[in-house]
Structure formats: structure tokens, C-alpha cells
Enquirer: 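Here it is, the structure, as C-alpha cells.
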Amino acid sequence: MTVRTRVAPSPTGDPHVGTAYVALFNYCFAKKHGGQFILRIEDTDQVRSTASSERMILEALRWVGLSWDEGPDVGGPHGPYRQSERAELYQEAAATLLDSGHAFRCFMTADELTEARAAHQASGATQSMISPYTDLPRAESDARAAAGDAFVIRLRTPREGTCVIQDRLRGAIEVPWDQVDQQVLLKSDGFPTYHLANVVDDHHMAITHVLRGEEWISSAPKHQLLYQAFGWQMPELVHLPLLRNPDKSKLSKRKNPTSILYYQRMGFLPEALLNYLGRMAWSMPDEREQFDLSEMLEHFDLDRISLGGPVFDVTKLEWLNGVWLRDGLTEDEYAQRVMDWAFNREFLGQIIPLVRQRANKLTDLAPLASFFLQGLIDLKPEDLQGFKGIESDDETRRILTWSLWHLEALAEWEADGIQAVLREMAEIMGVKLRVLLAPFFVALSGQRSSTPLFQTMGILGKDIVRARIRHAVDTLAPISKKEQGRWQKAYDQAVAAHVAALAAQG
RNA sequence: GUCCCCAUCGUCUAGUCAGGCCCAGGACACCGGCCUUUCAAGCCGGCGACGCGGGUUCAAAUCCCGCUGGGGACGCCA
């Protein structure tokens with residue numbers, strides 16, 4: 001049997017380093033065994049999936065040096081490789097489960113569900129919740145469906161006994177069945193959830209081994225149940241430890257830059273980033289720190305995976321990147337990398353229009369544009385003090401923090417959208433736009449005035465902006481847990497009040 | 001709260017499955033020194049961990065149990 005693995009990112013945001021980490025291990029495992037590595041796009045969330053996210057994820061994975069044998073861009077014998085294009089397959093699968101009694105229709109509305117969940121929680125129940133439609137006779141269920149009542153299809157789960165799943169790294173894992181919920185398999189929009197789609201696709205794509213994040217362990221019983229219901233052979237499960245923030249929680253963009261694009265923009269080499277990800281939970285037999293993909297592949301062994309969740313330590317990544325920069329490249333290659341990174345037509349082309357009116361000589365460009373080429377900006381508290389219209393450090397910190405939160409909601413990171421969001425923020429906070437913006441100039445460029453802010457932010461990119469703003473806030477004073485909670489509440493209320501006011505206006 | 005996973009320096013880890021070679025090795029960071037016109041880089045040195053308690057054993061970082069701690073899941077997200 002040929003080993004076949006896959007990585008299945010969801011195109012709902014920026015390319016995540018965790019995706020590259022999981023992809024790397026899947027790639028190495030498949031290739032080590034002479035097998036194939038597949039890339040599949042899990043875009044069953046109609047609301048959040050975007051084409052641009054998918055494009056960025058593919059580009060980012062290629063950038064770090066990964067490639068796949070089958071995927072939406074390269075095709076393959078088991079396509080299509082985008083779940084939104086495989087809808088029929090899941091519908092059929094769901095119908096099969098309905099007929100075999102392994103699944104049932106649930107007619108609860110979203111509101112009913114929310115209420116039931118609250119009641120369930122309040123009751124102090126220690127078992128998973130059960131739908132009132134679990135045992136609705138099939139004829140009645142069919143009748144309601146035919147009448148046009150909205151429904152989802154849920155998995156019928158055993159209520160007694162213990163489920164045993166096998167994890168390649170951990171051995172047997174036992175989960176009481178009464179803890180396993182009646183997972184929605186098909187949503188009311190007719191699209192499958194991850195759970196159904198992933199089982200159906202892994203089977204049809206002949207996936208033999210699933211290397212995925214540890215966060216999936218708790219849904220493994222449901223997946224196993226599905227394989228059994230379909231009468232399919234289940235792939236071997238390998239749950240990888242999760243990448244962590246410095247505080248040990250699951251790596252998240254609120255606490256740490258997680259986008260591959262950020263590390264690219266910050267001047268990390270793809271080889272170094274991939275090398276570093278290969279050092280997460282894994283080590284070379286001789287413990288060497290620097291290695292490339294082919295070397296990792298040569299020595300890859302699942303048994304060398306350690307199970308403690310590794311903290312993604314940017315400082316060590318920086319050191320490793322330095323090693324690559326110093327020892328891994330010839331001078332010509334180095335020069336080429338610098339050009340690829342920022343000294344190219346495309347990147348300079350974005351910056352030139354912003355600086356040319358402000359410069360009399362080419363030498364004027366360096367001081368005007370240097371911050372486009374920097375990482376974090378070195379700031380002293382005084383740099384962020386004495387703004388007209390701002391009374392205190394806390395006000396500055398709040399302006400920056402709230403604005404950052406507000407910007408998170410932006411679907412597409414470009415100047416016009418950024419402008420709209422910040423204008424709205426000024427209104428919400430009841431300050432003039434120019435007052436609100438003043439700290440941004442310093443936080444982002446280190447100077448009181450610079451190139452036009454919104455366009456500048458667009459070019460810098462979401463992650464650099466986020467990192468610099470956070471750094472500026474920290475320069476004045478790090479946000480304490482208490483403050484975080486208080487501000488979040490106040491922010492939510494202010495936004496709600498603003499929305500209400502707008503609605504009242506008509 | 002319930003269930004599940006995990007546990008070696010601050011961080012990444014070797015060693016754990018096949019107990020003795022480990023009063024625990026390497027790397028990052030930090031501190032000190034050497035080199036050097038400066039700063040880096042490099043080299044040398046220092047600091048620093050088997051979470052706790054019970055067992056099993058001649059012998060435990062390694063095996064077993066409990067506790068504690070950390071993490072994850074509990075969505076018509078993935």
C-alpha cells in the first residue's frame with residue numbers, strides 16, 4: 001500500500017505557520033515512505049472562505065519550499081481538491097448514513113439550540129447534549145423535510161461504553177461514548193462540516209495516514225464512528241503537539257505573529273523558517289540545529305517526535321535565520337535574496353509613489369522610506385508622549401489597542417478599508433481623526449510624520465502593523481490582564497452603542 | 001465544570017519504548033572572557049532542569065500509581 005498523506009488548510013485567513021508545520025511533517029512522512037503528499041482545500045465554511053486566502057496559503061507553502069503531488073493547482077487523479085466542488089459526494093454520504101440509521105435529521109433552530117445549550121450547561125450535566133429529534137421516526141422526519149422545514153443531519157452516537165482510538169504516538173486513547181456529541185455532519189445550507197467532509201475525502205483520496213494537530217484528538221471518536229458506519233478502513237492517526245505562544249497556550253495571532261507572510265516580510269529565509277518548524281517537536285538523530293528539507297527527509301522518523309507542546313520562540317528562529325544568512329548562502333545568493341525580499345520593482349513600486357513628492361534627491365529616500373524595510377521600530381516612551389489632544393499614556397495605549405481590535409474585523413487589508421475603520425474608531429472614541437492617528441505615525445514609522453498613513457499601513461501589511469502597534473503599546477506599558485478585560489468590555493459596549501446610534505439614525 | 005492529552009534548564013531538545021554508560025548532554029537566551037579600530041560574527045567559560053509523593057528494583061529521568069501543573073476539546077469553525 002502506498003503511503004498517502006495530506007494537509008487540509010481552511011482558506012479563512014492568512015497562511016498560518018501551524019499549517020506549514022503540519023504540512024512539513026505530512027510531507028516528510030509520505031516521502032520517507034516513497035508515497036504521495038496531497039494538498040486539499042477545506043472550504044466548506046461558505047461564510048469565511050475566500051479565494052484570496054486560498055491563493056496566499058498555496059503561495060506561502062510553496063515559498064517555504066513544500067510541494068505536493070496532488071492539489072487544486074496541480075490536479076491529480078482524485079480531484080477535485082477543493083471541498084466546495086465535491087458537494088454531491090457529501091450529500092450522498094449523508095443520505096447513506098440517514099438510510100443506515102447512523103445519522104438523523106435535527107430540526108432545531110439556531111435559537112432553540114442556543115437555549116438548549118445554555119440549559120444543558122446550567123443543569124450541570126456531565127454528558128454531551130442529545131437532540132430531541134434523535135429518535136424521531138424516519139417517516140415523520142421525511143415528511144418534515146419534504147414540507148421544507150430546515151434541518152441539519154447529525155451523527156447518531158452510542159450513549160454507553162467506551163470508544164478506543166489508536167494514536168500512532170500515544171497508543172490507545174479511551175473516551176467514554178457519553179462524552180461524544182451528536183456532531184452536525186451536514187449543515188442546513190447543505191454543506192458538510194469538517195468531520196464528514198474530511199472522512200469522505202480521506203477515503204476517496206486513499207489517504208493512509210493523517211498527521212494533524214492535537215486539537216483533533218477529541219473528535220477522533222466521531223471520525224472513527226463514521227469510518228465504521230461507511231465500512232471503510234480508517235487511516236492511521238498521528239496527532240502532532242500544538243505550537244504554543246510563550247505563555248503555553250495554543251499559538252494565536254493575538255499573542256504572537258502567526259502568519260507566514262509576516263515572517264517573510266520580516267526578512268526570514270524560507271529555509272530557516274521551515275528548518276525551525278522542523279525543530280518543533282522533532283530533532284535530528286545527531287541533534288544538529290541547521291538542516292534543509294532533504295536532510296530532514298533523509299532522517300525523518302515519527303518516533304523522534306516529542307509530545308510536549310513546543311513554544312514558538314521567535315528569538316531562536318532569529319538566531320537560526322542568522323545561521324542560514326551567514327553560512328547557508330553565497331554572496332551572490334544573498335544579494336538575490338535581498339532583491340527578492342524588498343529591493344524589487346513590485347515592492348519599491350508601492351513605496352515610490354508615496355515618497356517621490358517628498359524627496360529632492362535619491363538620498364532623501366532612505367530616511368523617508370527606511371521604516372518600510374525595518375522590523376520592529378525602536379521606541380522610547382517619550383516618543384509616544386505629548387500628542388496634542390491626548391491627555392495620558394493610557395489614552396494613547398487605548399487608542400492604539402482599540403483601533404487594532406477594530407482593524408481585526410477588516411476582511412481585506414487595503415488603504416480604503418483601513419481608512420474607513422479608523423474613521424469609525426475616531427467617532428466611537430469621540431476624538432478627531434488627526435488626534436487618533438498621531439500615535440500611529442510614531443508607532444509605525446518612528447516619526448511624528450511620514451508617508452500617508454492608510455497607504456503606508458496597506459503596504460506594511462496587517463502583521464507588521466499589528467506587531468509594531470503592540471510594540472508601541474508595550475513601550476508605554478504592557479497591557480495587564482485586568483486592563484485587557486476592562487478594555488475589551490468597554491470596547492464591546494462602545495461599538496454596540498455606535499451600531500445602535502447608527503441604526504437609530506436610520 | 002466534564003472528557004482527553006502532556007510533563008527534562010526561562011525556551012527548543014537528547015536521553016524514556018529495550019532501567020545501570022546521566023550527581024543528566026547539546027542549542028537559543030542571559031552573564032563573563034578571548035579575538036578585534038568599533039559593533040557583530042567566531043572561540044572559550046559560567047548560570048541553569050529530570051514538577052511533587054508513593055511504589056517496583058541491587059539500581060529509576062527512564063517502569064507503575066496518585067497528586068499537582070500546563071494544554072486541548074466541548075460550534076450548523078476548521
Side-chain angles (χ1 to χ4, degrees), chain A residues 8-13 16 18-19 41-49 83 106-110 112-114 117 120-129 131 150-154 162-163 165 167 169-171 173-198 212-222 239-251 276-290 303-323 325-327:
Chain A
S10 174
T12 54
H16 198 281
T19 305
I41 293 294
E42 308 237 334
D43 57 350
T44 54
D45 186 336
Q46 286 286 281
V47 181
R48 296 195 305 152
S49 296
Q83 291 186 329
C106 172
F107 295 91
M108 287 177 95
T109 64
E112 283 171 348
L113 200 57
T114 309
R117 239 193 295 272
H120 182 76
Q121 189 131 38
S123 76
T126 61
Q127 302 165 353
S128 70
M129 199 166 69
S131 162
F151 63 87
V152 300
I153 293 182
R154 287 183 181 276
T162 306
C163 172
I165 59 165
D167 176 87
L169 302 175
R170 289 156 240 268
I173 297 174
E174 297 187 10
V175 183
W177 274 119
D178 65 17
Q179 295 296 322
V180 180
D181 61 320
Q182 300 175 314
Q183 180 62 52
V184 170
L185 302 174
L186 208 66
K187 307 182 238 185
S188 53
D189 65 3
F191 272 83
T193 56
Y194 165 86
H195 305 278
L196 210 217
N198 131 66
R212 53 160 36 158
E214 201 177 0
E215 56 198 331
W216 292 110
I217 289 181
S218 53
S219 34
K222 295 182 282 203
H239 290 102
L240 268 14
L242 256 23
L243 262 25
R244 312 288 187 94
N245 295 310
D247 69 1
K248 300 278 193 179
S249 56
K250 174 166 112 172
L251 193 65
Y276 184 67
L277 291 173
R279 292 287 295 109
M280 298 278 87
W282 192 81
S283 61
M284 276 288 199
D286 64 1
E287 285 198 79
R288 88 185 83 140
E289 299 281 345
Q290 187 191 18
D303 293 331
R304 294 200 63 78
I305 293 176
S306 59
L307 296 177
V311 171
F312 191 91
D313 179 8
V314 179
T315 305
K316 183 149 185 179
L317 169 59
E318 282 173 356
W319 165 78
L320 190 59
N321 196 58
V323 172
L325 236 25
R326 283 187 292 276
D327 307 336

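As the structure is a prediction and not an experimental result, all values here were calculated from the model. Below, chain A is the first sequence line, B the second, and so on; all start at residue 1.
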Enquirer: Where the side chain of Val175(A) is concerned, which of G15(B), C4(B), G75(B) is the nearest nucleotide?
Expert: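 The nucleotide sitting nearest to the side chain is C4(B).
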
Enquirer: Write down the distance between NZ (Lys222(A)) and C1' (A78(B)), rounded to a whole number of angstrom.
Expert: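 For the pair Lys222(A) NZ and A78(B) C1', the rounded distance is 12 Å.
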
Enquirer: For the side chain of Ser218(A) and the base of C3(B), is some donor closer than 3.5 Å to an acceptor across the two?
Expert: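 No.
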
Enquirer: What's the closest nucleotide to the side chain of Lys187(A) if the choices are C76(B), G71(B), C5(B)?
Expert: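 Between C76(B), G71(B), C5(B), the one nearest the side chain of Lys187(A) would be C76(B).
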
Enquirer: Considering only atom P, compute the distance from A61(B) to C23(B) and round it to an integer number of Å.
Expert: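 My reading of the P atoms in A61(B) and C23(B) gives 8 Å.
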
Enquirer: Report yes if the side chains of Ile305(A) and Leu240(A) come closer than 4.5 Å at any heavy-atom pair, otherwise no.
Expert: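 Yes, at least one pair of side-chain atoms sits under 4.5 Å.
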
Enquirer: If you measure from the C1' atom in G54(B) to the same atom in G20(B), how many Å do you get, rounded?
Expert: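 To the nearest whole Å, 23 Å.
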
Enquirer: If we take the C1' atom in both A29(B) and G46(B), what is their distance in whole Å?
Expert: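 About 14 Å, rounded to a whole number of Å.
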
Enquirer: Nearest to the side chain of Val152(A) - A14(B), C4(B), C76(B)?
Expert: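 Ranking A14(B), C4(B), C76(B) by closest atom to the Val152(A) side chain puts C76(B) first.
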
Enquirer: Toward the 5' end of RNA chain B, which comes first, Arg244(A) or Glu214(A), by nearest nucleotide?
Expert: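 Residue closer to the 5' terminus by nearest nucleotide: Glu214(A).
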
Enquirer: Between C35(B) and G71(B), how many Å separate the two P atoms, rounded to a whole number?
Expert: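 Here C35(B) and G71(B) have their P atoms 48 Å from each other.
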
Enquirer: Taking C52(B) as the reference, what is the distance to U68(B) when you measure between their P atoms (whole Å, please)?
Expert: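 16 Å, rounded to whole Å.
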
Enquirer: Has the side chain of Asp43(A) got a donor or acceptor atom that lies under 3.5 Å from a matching backbone atom of Ser49(A)?
Expert: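 Pair absent, no side-chain N/O of Asp43(A) close to backbone of Ser49(A).
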
Enquirer: Ignoring the backbone of Pro310(A), work out which of C12(B), A14(B), C5(B) is nearest its side chain.
Expert: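 Given the options C12(B), A14(B), C5(B), the side chain of Pro310(A) is closest to C12(B).
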
Enquirer: Is the shortest side-chain heavy-atom distance between Lys222(A) and Asp181(A) below 4.5 Å?
Expert: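 Counting from C-beta outward, Lys222(A) and Asp181(A) do come under 4.5 Å.
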
Enquirer: Does Phe312(A) offer a backbone N or O that forms a donor-acceptor pair with the side chain of Arg244(A) under 3.5 Å?
Expert: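 The answer is no, because no donor-acceptor pair under 3.5 Å joins these two groups.
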
Enquirer: Tell me: CG of Leu307(A) to P of G70(B), nearest whole Å?
Expert: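 Distance, rounded to whole Å: 20 Å.
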
Enquirer: Check for a donor-acceptor pair, side chain of Thr114(A) on one end and backbone N or O of Ala110(A) on the other, with a separation under 3.5 Å.
Expert: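 Flag set: sc Thr114(A) to bb Ala110(A) pair under 3.5 Å.
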
Enquirer: With both distances under 3.5 angstrom, what nucleotide forms a Watson-Crick or G-U wobble pair with A40(B)?
Expert: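 Partner of A40(B): none.
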
Enquirer: Taking G26(B) as the reference, what is the distance to C64(B) when you measure between their C1' atoms (whole Å, please)?
Expert: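 After rounding to an integer number of Å, I get 31 Å for this pair.
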
Enquirer: Identify whether the distance between the nearest side-chain nitrogen and carboxylate oxygen of Lys316(A) and Asp313(A) falls below 4.0 Å.
Expert: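 So Lys316(A) does not pair with Asp313(A) through a salt bridge.
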
Enquirer: In whole angstrom, give me the gap between the P atoms of G10(B) and A24(B).
Expert: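 Those two atoms are separated by 15 Å.
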
Enquirer: Taking all atoms of both residues into account, what is the closest heavy-atom pair of His195(A) and Ser219(A), and its distance?
Expert: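 Taking every non-hydrogen atom into account, CE1-CB, 3.6 Å.
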
Enquirer: Watson-Crick or G-U wobble partner for G46(B), using a 3.5 Å limit on both distances?
Expert: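 When the pairing criteria are applied, C30(B) turns out to be the nucleotide that pairs with G46(B).
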
Enquirer: With both distances kept under 3.5 Å, what pairs with C63(B), Watson-Crick or G-U wobble?
Expert: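 For C63(B), the partner nucleotide comes out as G55(B), under the 3.5 Å rule.
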
Enquirer: In the structure I gave you, are the side-chain heavy atoms of Asn321(A) and Tyr276(A) within less than 4.5 Å of one another anywhere?
Expert: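 A side-chain contact is absent here, since even the closest heavy-atom pair is not under 4.5 Å.
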
Enquirer: Is there a donor-acceptor contact under 3.5 Å from the side chain of Thr12(A) to the main chain of Arg48(A)?
Expert: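 Between the backbone of Arg48(A) and the side chain of Thr12(A) there is no qualifying donor-acceptor contact (under 3.5 Å).
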
Enquirer: Quick one: what's the B/S/- string for nucleotides 24-34 of chain B, heavy-atom cutoff under 4.0 Å, read 5' to 3'?
Expert: -BBBSS-----

Enquirer: Can you check the distance between G42(B) and G48(B), where both ends of the measurement are the C1' atom (answer in whole Å)?
Expert: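 Between the two C1' atoms, the distance is 24 Å.
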
Enquirer: Categorize Glu174(A) for me: base, sugar-phosphate, or nothing, with a 4.0 angstrom heavy-atom threshold over every strand shown.
Expert: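 Counting heavy atoms under 4.0 Å across all strands, the contact made by Glu174(A) is with sugar-phosphate only.
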
Enquirer: Of the nucleotides C12(B), C5(B), C76(B), which has the atom closest to the Arg170(A) side chain?
Expert: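 Side chain of Arg170(A) sits closest to C5(B).
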
Enquirer: Assuming nearest nucleotide by heavy-atom distance, tell me which of Pro9(A) and Gly124(A) is located more 5' along RNA chain B.
Expert: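 Closer to the 5' end of RNA chain B: Gly124(A).
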
Enquirer: Please tell me which of the listed nucleotides, C5(B), C76(B), A14(B), lies nearest to the side chain of Leu113(A)?
Expert: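 Shortest atom-to-atom distance from the side chain points to C76(B).
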
Enquirer: Check every atom of A14(B), C4(B), A78(B) against the side chain of Asp45(A) and return the nucleotide holding the closest atom.
Expert: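 Looking only at side-chain atoms, Asp45(A) lies closest to A78(B).
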
Enquirer: Both distances under 3.5 Å, Watson-Crick or G-U wobble: report the partner of C3(B), or none.
Expert: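 In the structure as shown, C3(B) has G72(B) as its Watson-Crick or wobble partner.
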
Enquirer: Please classify the nucleic acid contact of Met284(A) as base, sugar-phosphate, or nothing, using heavy-atom distances under 4.0 Å.
Expert: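 The answer is nothing, as Met284(A) stays clear of every strand by at least 4.0 Å.
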
